[in-house]
Structure formats: C-alpha cells, structure tokens
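Since the structure comes first, as structure tokens, the remarks are kept for the end.
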Amino acid sequence: MPVIKTLDDLKKIREEALEKRKVKTASGQIEVIVGMGTCGIAAGARDTMKAILETIQNDNLSGIIVKQTGCVGLCEKEPIVQIVIGEQPKITYGKVTGDVARQILKEHVVDGKVVQNHLITL
Amino acid sequence: MSVCDDGKGMDYEMAAQVIDPFVTTRTTRKVGLGIPLLKAASEACNGFLEIHSTPGIGTRLEVEFQNSHIDRMPLGDIASTILHLVIANPQIHFIFRHQVDENEFFFDDEPIKRELADIPLSDPLVISYLRDEIEAGIETIQPAMA
C-alpha cells in the first residue's frame, strides 16, 4: 500500500532545503529550460525532462530551477535545453537526449564546462 | 478527459482556428499541432474534441475516447506527465483529478507551494515528495488486480 505524504513532511523538507542553502556558495540562480512544444515532445523531450528531474533528485542537486517552454523555432534541433547560470548569457543545446541531459547537468551545471558537441549558436 | 483554465480565453474564431492546423491567417502563429493531433486521436476512437472558450473567463477543452476502442492510444505515464507539468510551470496553479470507476485521486499544488514558500519545486527533496505523492495517489485508485 503506497504511503500518502502529508504537509508535515513538507515542513521538514523546507527546513532541510533551507539548511542546505546556507551551506551552498552562491553562484547565482541556475535555470534549466526544456522545450516542450509538440515538436520537442515528438523528438523525445519528455525523456529529456524525465532524465533532468531524475538526475536532480538522485544526485541531490539543489539550487536549480527547471522550467518548460514551447517551440523556440528550431524544431529540427529538438529536444532543446537551455541553461542560464546567474548573469551569464543563455546557452542553448540541441538534440538533447536523456543521456546528453545528464551530461549537461554534470559537466555544465555542476562543473561549469559547456558541452561543446551539442551547442547551438544562435 | 478535460483541461480547464481561467486564463485569457479565446473568441469563437480563434477557438475554431486552434482546432484546424491548416487555417492560415495572420494570427496562425498561435496555431499548433497539439490540439489537432489530439482531435484526430479521439475521432479515430469514436470520440470527439470540443473547445469552449470565453474571452476573459477561460477555456475548457473536452476530449472523449471510446475506452475499449482498439485504436485508443495508451494513457501512458500520467504520473510523470503531471509531475513534469507541475514542476516546470511553477507559475501555474495545477489541480489534477483522476478518476477510475468510483475512486478518485485529487491533487492540488497550492497548499504545497504555500508550505514551501521560496523553496523551488525542482529542489531534489521536493521532486521526491511530489513524485511519491502523485505516483501513490494514482496507484491507490487503480482497480485491484484479479
């Protein structure tokens, strides 16, 4: 029988998350934006989104905001993922499968190195 | 299945256009394939798709499929669908109701967001919480296996 969680669990989560935030050094807010228009979804953006949320959860990556957007006009490059770190310019990646998404989170978001072979120059 | 919002709504002409992917007027930039594909999928299964919209009030999209139809596409991983929508659109207040026979799972993200305040929905602990809540809620309403 699955356990239904309560709002009390959320209180604990909030306290834990706030505690972690204190420890974390501020590199500015990190945004991960996934193109989820029909073109993105047809190209596999749902797997990409799934991989991103699973990686954040499994690798315990805090301080990342995940958002979805519609078609950005580059349907042939979908699934598209964009990364914005603090005040830095937006970086756009194309053909982002689940594996590529995991690589982007690890190398770019965590280690700060742009993944060159999936980069789209706009 | 129905999807309702209290957004800006559409006038009659616009509502008709979003159903037809081939109408080309200056406003067709807002026309996409999502709704026409859903309409085609429902009609292939003895169903229909309707959009009721009032400018300034909101939009209700209703789609019906014959559940037992051989061409009905599977619903898929609805727990992930809702999880992704809720997390990746924090500015939208989501209410999700999923019914199987007499059993209903009701999910409203408003109390959760109020409790979390400035903690993002994409925090690893929150993802885990939401995933468990939505998966468990959908699992509890499934018919018992024979």
Side-chain angles (χ1 to χ4, degrees), chain A residues 1-21 24 29-42 45-71 73 75 81-82 98 105 109, chain B residues 18 21 29-38 40-41 76-92 105-142 144:
Chain A
M1 193 67 186
V3 183
I4 302 289
K5 298 212 170 186
T6 67
L7 286 178
D8 280 343
D9 295 320
L10 276 176
K11 279 203 180 72
K12 286 188 213 118
I13 286 172
R14 182 175 151 73
E15 282 159 18
E16 263 184 71
L18 282 173
E19 203 55 43
K20 261 196 300 188
R21 186 186 287 180
K24 217 175 137 54
Q29 181 171 286
I30 301 167
E31 271 191 26
V32 176
I33 304 155
V34 186
M36 298 282 274
T38 302
C39 50
I41 289 171
R46 290 193 47 161
D47 282 340
T48 308
M49 178 63 96
K50 193 164 175 245
I52 289 169
L53 294 183
E54 279 172 3
T55 306
I56 290 175
Q57 189 182 346
N58 297 338
D59 296 356
N60 204 16
L61 308 175
S62 57
I64 301 171
I65 311 275
V66 179
K67 286 185 181 165
Q68 73 175 58
T69 187
C71 172
C75 307
V81 170
Q82 297 177 307
L105 281 179
V109 174
Chain B
V18 297
R29 282 186 170 277
K30 287 179 182 169
V31 175
L33 283 175
I35 290 167
L37 282 173
L38 183 60
D77 184 356
I78 198 72
S80 288
T81 304
I82 301 301
L83 180 76
H84 297 171
L85 282 173
V86 169
I87 291 176
N89 299 278
Q91 75 286 7
I92 300 175
F105 167 54
F106 178 81
F107 174 84
D108 182 345
D109 70 3
E110 203 276 329
I112 296 171
K113 285 173 176 165
R114 194 172 349 115
E115 194 64 56
L116 288 169
D118 57 340
I119 303 296
L121 293 173
S122 45
D123 182 276
L125 294 166
V126 180
I127 297 175
S128 163
Y129 174 90
L130 289 171
R131 189 189 299 280
D132 289 353
E133 169 153 335
I134 296 168
E135 282 179 359
I138 289 173
E139 203 184 313
T140 46
I141 59 165
Q142 298 309 312

From [X] atom [atom1] to [Y] atom [atom2], the distance as rounded to the nearest 0.5 Å:
X: A/Arg14; Y: B/Tyr129; atom1: CZ; atom2: OH; value: 14.5 Å
X: B/Ser128; Y: A/Asp9; atom1: OG; atom2: CG; value: 10.0 Å
X: A/Glu31; Y: B/Ser122; atom1: CD; atom2: OG; value: 9.0 Å
X: B/Arg131; Y: A/Glu54; atom1: CZ; atom2: CD; value: 5.0 Å
X: A/Leu10; Y: B/Ile112; atom1: CG; atom2: CD1; value: 6.0 Å

side-chain contact (heavy atoms from CB on, under 4.5 Å) partners for A/Ala42, two or more places apart
none
Who are the side-chain contact (heavy atoms from CB on, under 4.5 Å) partners of A/Glu15, not counting sequence neighbours?
none
Specify the closest pair of heavy atoms between [X] and [Y], including all atoms of both residues, with the distance to one decimal.
X: B/Asp77; Y: A/Arg46; value: O-NH2, 3.5 Å
X: A/Ala17; Y: B/Leu125; value: N-CD1, 4.3 Å
X: B/Pro124; Y: A/Ser62; value: CD-CA, 3.8 Å

At a heavy-atom separation under 4.5 Å, does A/Leu61 approach chain B through its side chain, its backbone, both, or neither?
backbone
Under a 4.5 Å heavy-atom cutoff, which of [options] has the most pairs with chain A?
options: B/Ile87, B/Leu85, B/Thr81; result: B/Thr81
options: B/Leu37, B/Asp123, B/Asp118, B/Leu83; result: B/Asp118
options: B/Pro111, B/Pro90, B/Ala88; result: B/Ala88

Can you check whether A/Lys67 reaches B/Gln91 side chain to side chain, under 4.5 Å on heavy atoms?
no
Would you say the side chain of B/His84 lies within less than 4.5 Å of the side chain of A/Leu53, judging by non-hydrogen atoms?
yes
Look at atom NZ of B/Lys113 and say whether more than 12 heavy atoms of other residues, nucleotides or ligands are closer to it than 6.0 Å.
yes
Applying the side-chain contact (heavy atoms from CB on, under 4.5 Å) criterion to A/Gln57, which one of B/Val126, B/Leu130, B/Ile127 satisfies it?
B/Ile127
Non-hydrogen atoms of chain A under 4.5 Å away: do they reach the side chain of B/Leu121, the backbone, both or neither?
neither
